[in-house]
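Only a predicted model underlies this, so the values are computations on that prediction, with no experimental measurement involved. All chains are named by letter (A, B, ...) in the order of the sequence lines, taking the proteins before the strands, and each is independently numbered beginning at 1.
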2 protein chains.
Amino acid sequence: MTLWQDIATTLREEIVRGVYPPDSTIPKETALMARHRVGRETIRRAIAQLVAEGLVEPVRRRGTVVRNRPARRRITRSRQVYRDEIGYFFDHTAQGWRPLQTPTVSRGPVPYDVASLLGVEPGAEVTIRDRVMGDPDTRQVKQLATSYIPVEIVTQFPILGQANTGPGGIYDRLEEGGQGPIEWREAISARMPTPTEARLMRLPAGVPVLRIVRLATSPSGRPLEVNETRLNAEEWEVGYPIAREVSAQA
Amino acid sequence: MTLWQDIATTLREEIVRGVYPPDSTIPKETALMARHRVGRETIRRAIAQLVAEGLVEPVRRRGTVVRNRPARRRITRSRQVYRDEIGYFFDHTAQGWRPLQTPTVSRGPVPYDVASLLGVEPGAEVTIRDRVMGDPDTRQVKQLATSYIPVEIVTQFPILGQANTGPGGIYDRLEEGGQGPIEWREAISARMPTPTEARLMRLPAGVPVLRIVRLATSPSGRPLEVNETRLNAEEWEVGYPIAREVSAQA
DNA sequence: CAGTGGTCTAGACCACAAC
DNA sequence: TTGTGGTCTAGACCACTGA
């Protein structure tokens with residue numbers, strides 16, 4: 001263990017023991033330098049570790065504050081798709097959210113792990129639709145949603161390349177064009193945010209994003225779109241019920 | 001933007017553009033110092049940022065390597081509970097995993113966000129059961145599972161405080177004791193790992209853990225146990241099907 | 001065993017926000 | 001106004017590991 005790791009461990013234990021409760025500050029850098037008899041950068045490296053863990057947050061002029069993690073709110077993926085006058089919603093909570101900006105449409109390389117879902121080569125050009133969703137009153141950003149659509153699909157349905165795809169969005173356009181009824185599959189994972197995501201969603205350091213990846217296919221299995229939705233992982237959780245149905249062997 | 005942020009942005013763009021492909025190295029520190037005409041610590045801070053994002057990984061004697069993110073493997077929470085001779089399993093994949101160590105049982109304060117699920121005061125003493133699950137052949141750790149059980153439950157069912165709870169585990173003991181049929185509710189979120197979790201699961205820096213929190217209740221709604229399972233979020237995703245059932249209004 | 005990244009120091013100046 | 005954390009430098013030595 002190096003010096004800064006020892007100091008980080010000491011501070012971490014004191015935080016979880018409640019020596020420094022949430023919303024209080026840990027000792028300031030000069031005090032920690034004196035206590036541990038080390039240079040300033042050593043202290044700063046220890047604190048940087050705690051910041052990366054999401055435990056503390058430096059606030060200028062106040063000190064390094066112990067973060068108060070709020071209880072998560074639940075998003076229930078109900079395995080039921082809702083459609084209202086705006087479009088499709090995959091859970092109730094998000095139904096209150098609206099685009100805070102006009103969706104941007106661009107072309108670019110498909111991310112590595114989306115390529116296999118879409119059935120295209122890694123790095124291939126696809127159409128990328130970016131949406132910023134949030135509370136229409138407070139204008140607080142709640143989730144970022146990005147759609148990746150193969151070029152052949154956009155060639156066949158040019159409106160998918162437009163910012164405004166009309167009522168019901170791309171899914172209604174695809175179904176009107178004979179690709180319905182669309183089937184969806186979702187998976188949840190997580191990763192660290194890009195700096196852009198962190199800025200838009202006001203994510204503190206050390207907070208990952210929950211990542212809901214949804215593949216839309218035609219009944220014949222043709223991949224139509226991959227949607228990647230990102231949420232503040234400290235603020236949200238995705239819930240679902242478990243049916244009791246014990247079997248003797250899987 | 002500060003110097004180190006500019007440098008981090010430049011390097012990040014070069015990485016995603018493919019200038020430095022996965023498994024290759026970015027220029028070494030001395031080269032970056034010369035290129036950007038800054039001191040070494042400035043370069044190191046920029047690289048530390050990319051490490052925290054999970055983009056690169058420093059390897060001594062070789063350089064700073066661009067990480068190759070493997071495709072995630074899917075865990076399907078099938079909404080169906082399986083029980084075999086070992087115990088209960090909530091998905092197929094985990095059914096092949098076994099405890100790599102004897103479970104440890106201790107007493108300690110309940111974590112903040114488990115307290116409300118368990119219906120106890122934040123910081124109250126609970127029984128904590130820790131399990132390390134993994135591949136029995138390679139002995140690679142795949143998931144960590146921690147159970148939190150209120151003291152009254154353990155007083156009523158003392159075997160829940162033992163390391164070995166017998167075939168079927170705590171759920172069978174609770175059901176034998178008249179608390180069944182047990183009902184479960186799950187939710188998925190994510191957070192940064194603790195250093196202990198990172199060490200056990202060999203998590204590189206900048207990789208969060210997927211967190212599956214499961215509440216077990218008796219039919220009367222009495223909270224019996226909260227289980228927190230952690231998985232490498234870069235390696236795993238949790239999947240489920242979506243039933244097509246469009247309703248006019250939610 | 002040489003070269004890479006890792007740790008640590010002392011010192012300087014900056015920038016922000018609470019008072 | 002001022003004290004806090006933020007940035008940056010120059011320099012020294014260490015430790016691991018792959019060529």
Spacing between [X] atom [atom1] and [N] atom [atom2], to the nearest angstrom:
X      : N      : atom1 : atom2 : value
R44(B) : dT9(D) : CZ    : C1'   : 14 Å
I47(A) : dT4(D) : CD1   : P     : 13 Å
R40(B) : dT4(C) : CZ    : P     : 11 Å
M1(B)  : dC8(D) : CE    : P     : 11 Å
E41(A) : dT7(D) : CD    : C1'   : 9 Å

Would you indicate whether the side-chain heavy atoms of [Y] and [X] approach each other to under 4.5 Å?
X       : Y       : answer
E41(B)  : E41(A)  : no
M133(B) : Q143(B) : yes
V105(A) : Q162(A) : no
V126(B) : V226(B) : no

What parts of residues 2-14 of chain A reach DNA chain D, counting only heavy atoms under 4.0 Å away? none
Where along residues 18-38 of chain B does a heavy atom come under 4.0 Å from DNA chain D, residue by residue in number order? V38(B)
Quick test of your reading: applying side chain to side chain donor-acceptor pair (under 3.5 Å), list the pairs with at least one residue in residues 18-30 of chain B, sequence neighbours left out, ordered by first then second residue. E14(B)-Y20(B), Y20(B)-R35(B), D23(B)-N68(B), E29(B)-R40(B), E29(B)-R44(B)
Quick check: on DNA chain C, is the nucleotide nearest T42(A) upstream (toward 5') of the one nearest T64(B), or the reverse? Name the residue that is more 5'. T64(B)
Tell me the closest heavy-atom pair linking I47(A) and V56(A), and the distance in Å. O-CG2, 4.3 Å
Could you tell me whether E225(B) and R129(B) make a salt bridge, using a distance below 4.0 angstrom between a side-chain N and a carboxylate O? no
Here the gap from R98(A) atom CZ to R139(A) atom CZ, rounded to the nearest 0.5 Å, amounts to 13.5 Å
Once rounded to the nearest 0.5 Å, what's the spacing between atom CD1 of I7(A) and atom NE2 of H36(A)? 5.0 Å
Would you mind listing every ring pair (Phe, Tyr, Trp, His ring centres under 6.0 Å) that reaches into residues 96-131 of chain B, with sequence neighbours excluded? W97(B)-W236(B)
Reading nucleotides 14-19 of chain D from the 5' end, what letters show protein touch, with B for base, S for backbone sugar-phosphate only, - for no heavy atom under 4.0 Å? --SBB-
May I have the list of side-chain donor-acceptor pairs in residues 197-212 of chain B shorter than 3.5 Å, sequence neighbours left out?
unit_1: E197(B); atom_1: OE1; unit_2: R191(B); atom_2: NH1; d: 2.8
unit_1: E197(B); atom_1: OE1; unit_2: T194(B); atom_2: N; d: 2.9
unit_1: E197(B); atom_1: OE2; unit_2: R191(B); atom_2: NH2; d: 2.9
unit_1: E197(B); atom_1: OE2; unit_2: R230(B); atom_2: NE; d: 2.8
unit_1: E197(B); atom_1: OE2; unit_2: R230(B); atom_2: NH2; d: 3.3
unit_1: R211(B); atom_1: NE; unit_2: E228(B); atom_2: OE2; d: 2.6
unit_1: R211(B); atom_1: NH1; unit_2: S189(B); atom_2: OG; d: 2.9
unit_1: R211(B); atom_1: NH2; unit_2: D113(B); atom_2: OD2; d: 2.6

Is a donor-acceptor pair below 3.5 Å formed from side chain R45(B) to base dT9(D), judging by atom type as modelled? no
